[in-house]
Each structure stands twice: as structure tokens, then as C-alpha cells.
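Down below is the structure, laid out as C-alpha cells.
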Amino acid sequence: MSAILALLFGLIALIYASVGFGGGSTFTALLTLTGIEPRLIPVISLCCNIVVVTGGTIHFWRAGLIDWKTVLPLLVVSAPLAFLGGLTPLKETTFLLILGSSLLLSAVALIVPQEKLPRVKLPKPVIFGLSGAVGLLAGLSGIGGGIFMAPVLHLIRWADAKRVAAFASLYILVNSMAGLAGQLLKGGMDAVTQPAAVFWPLLLAVLIGGQIGSQIGIKLLSPIWLRRITALLVGYAAIRLLLQVY
């Protein structure tokens, strides 16, 4: 296990935890670039997501920023589909196509300046449908989904920025746990224990980074540059994956 990779994972966790995200898209991109076996990527990314956002979710909950009445319906829709996504067996080419497309969409979501988006109204069924689709994607690819849902919630002025961050943290946690449960049921205990035995330094790194980020809310870069750099990395990984498929 590369010490540099663990260091990068810890830094990513620190930065993302400070704004309520888990970093799943960037974890997945880095794992892809290192050439790790594709079937292990969702498991490792989901585990890292859970470790990172657990502290942040507790922090947001204690601060009273989670509106359970508003949040629970979206989770009730997304969690079962995240579980189904984790449970679904995929051929390697299909998985690479889904993962590459997910990362490409993540890169686009990161580039779009959320603060300049015009206010729009979306019917509740559309929001619920989107939440379910993102949950399914989370289970299939190992991306928690907050990176997709947060821009939409900003777009419709669902809540202020802190409450959207709190929702994203909880959303990623629940979907990642549901997706990991599906992966576990599909592959047995070995699907989790084998990666954990080899990649435990990554889990330790994101635990430390995530706790620091969620507690002090540090921002090493401006939000704009953070999104741009992350979008570049994620987009590059997406293109490499898609080229493998075609």
C-alpha cells in the first residue's frame, strides 16, 4: 500500500468533510488511476465514505442542522435502491461504463458554479425520483451521491448552505451503508474483509482526515479552486475508464 496514496486519501477526507461530503468520487478516481481490481473499488470507496461522513453527520446533528422531517422521505427512497445497486452483479465492462459515466457526471457537477444557478421549482416526484436514481448509482459505483444531490438542492433553494451540507453528509452515510450491505450480501464477508485487510491504511487515513475536517471546517483551497482541481482529476479518471470500455 502506497504511503502517498494514503496521504492523498487523508487530505481528500479532510477537505471534503469540512463541507459535508465524503469524497467518494475522488477516492474512486484515485483507485481507478492506481489500477486496482475494479470489483474492489466500490467496496473500498463506500467504506471510506462511511468513515469520513460519520463524524460530520454527528457534528451536524448535534448542531441541529438536520431537519429529519424533510430528510427522511428522500432517504427512504434512496437507501433501498442503493442496497439494490450494491447487490446487482455486473460484468466488468458494464461496471466500467457505469463508473466512468458517474465520474464524468461528477466532474460536470463540480464545474457548475452552484452559487450562480438560477432558482427553479421542481415537483416533489421529480426530487424523489432523482434521489432514488442517485441512491442506485451510489450502490453500483461506490459514489455516495451527495455530489449529485447537493447541486440540485442548491438549485431549488431547498435550504441554506449549512443545512444542504448536513443533508449531503447524512445522505452519503445512509446510501454508502446500504450500498455496502448489498455488496456484502452479493460477495460474502470476503468482499469486505479482503479489501480491509490490504487497504486498511486508507481507512485509517480517511478517519484521521475526516475527523479533523468535520471538527475545524478547514478549507485549504477556495471552494472554486477545490471544485476545479477535483473536477480535473475525476474527469481524467472518467475518460480513462470509458476508453477501456470502447
Side-chain angles (χ1 to χ4, degrees), residues 8-31 41-68 70-72 74-76 78-79 81-83 85-86 102 106 109-110 131 134-135 137-139 141-154 159 161-184 192 196 199 202-219 223 226-227 230 234:
L8 286 173
F9 266 56
L11 180 60
I12 290 165
L14 187 152
I15 295 171
Y16 274 84
S18 70
V19 291
F21 289 134
S25 58
T26 309
F27 295 145
T28 301
L30 285 175
L31 292 170
I41 293 177
V43 175
I44 298 171
S45 293
L46 289 170
C47 287
C48 288
N49 271 343
I50 292 169
V51 172
V52 174
V53 298
T54 296
T57 301
I58 294 172
H59 175 73
F60 285 127
W61 171 60
R62 288 178 175 173
L65 293 173
I66 296 178
D67 183 354
W68 293 100
T70 306
V71 167
L72 281 177
L74 294 176
L75 295 176
V76 168
S78 68
L81 288 170
F83 174 77
S102 302
S106 298
L110 285 164
S131 180
V134 172
L137 190 61
S141 66
I143 297 173
I147 199 171
F148 296 126
M149 286 300 295
V152 173
L153 297 179
H154 281 295
K162 287 186 178 180
R163 291 187 182 276
V164 170
F167 166 80
S169 185
L170 178 62
Y171 188 82
I172 293 167
L173 176 61
V174 172
N175 285 336
S176 295
M177 292 176 67
L180 185 61
Q183 294 282 347
L184 180 60
V192 175
F199 297 101
L202 300 182
L203 297 176
L204 179 60
V206 299
L207 173 63
I208 296 171
Q211 287 300 311
I212 295 173
S214 64
Q215 289 298 320
I216 65 178
I218 190 170
K219 295 182 180 179
L226 172 61
R227 290 202 299 265
T230 306
V234 172

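Side-chain atoms are counted along with the backbone in the values below, which use heavy atoms only and exclude waters and symmetry mates.
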Under 3.5 Å, side chain of Gln183 to main-chain N/O of Gly139, donor-acceptor pair present? yes

In chain order, what residues pass the side chain to side chain contact (heavy atoms under 4.5 Å, CB included) check against Ile50, with sequence neighbours excluded? Thr54, Leu173, Ser176, Met177, Leu180

Could you tell me which residues satisfy side chain to side chain contact (heavy atoms under 4.5 Å, CB included) with Leu207, sequence neighbours excluded, listed by chain and number? Val51, Gln211

Minimum heavy-atom distance between Gly210 and Ala13, given as atom pair plus value: N-CB, 3.7 Å

I need the Leu170 CG to Leu65 CG distance, nearest 0.5 Å. 12.0 Å

For Ser45 against Thr28, the heavy-atom pair lying closest together: OG-OG1, 2.9 Å

Leu81 side chain reached by Val134 side chain, heavy atoms, under 4.5 Å: no

Please assess Ile208 against Leu204 for the test side-chain contact (heavy atoms from CB on, under 4.5 Å), listing each intermediate value before the final yes or no. CA-CA 6 Å; Ile208 296 171; Leu204 179 60; 4.2 Å; yes

Tyr171 side chain to Ser78 main-chain N or O, any donor-acceptor pair under 3.5 Å? no

Where do Leu203 and Ile44 land on the side-chain contact (heavy atoms from CB on, under 4.5 Å) test, with the steps shown first? CA-CA 8 Å; Leu203 297 176; Ile44 298 171; 5.8 Å; no

Ile12 side chain near Leu30 side chain, heavy-atom distance below 4.5 Å: yes

Least distance between heavy atoms, Ala178 atom then Ala79 atom: CB-O, 3.3 Å

Closest approach of Ala166 to Ile66 (non-hydrogen atoms, all atoms of both residues): CB-CG1, 4.0 Å

What pairs with Phe27 under ring pair (Phe, Tyr, Trp, His ring centres under 6.0 Å), at least two apart in sequence or on another chain? Phe9

Going through the checks in order, is the side-chain contact (heavy atoms from CB on, under 4.5 Å) test met by Leu202 and Leu31? CA-CA 11 Å; Leu202 300 182; Leu31 292 170; 4.2 Å; yes

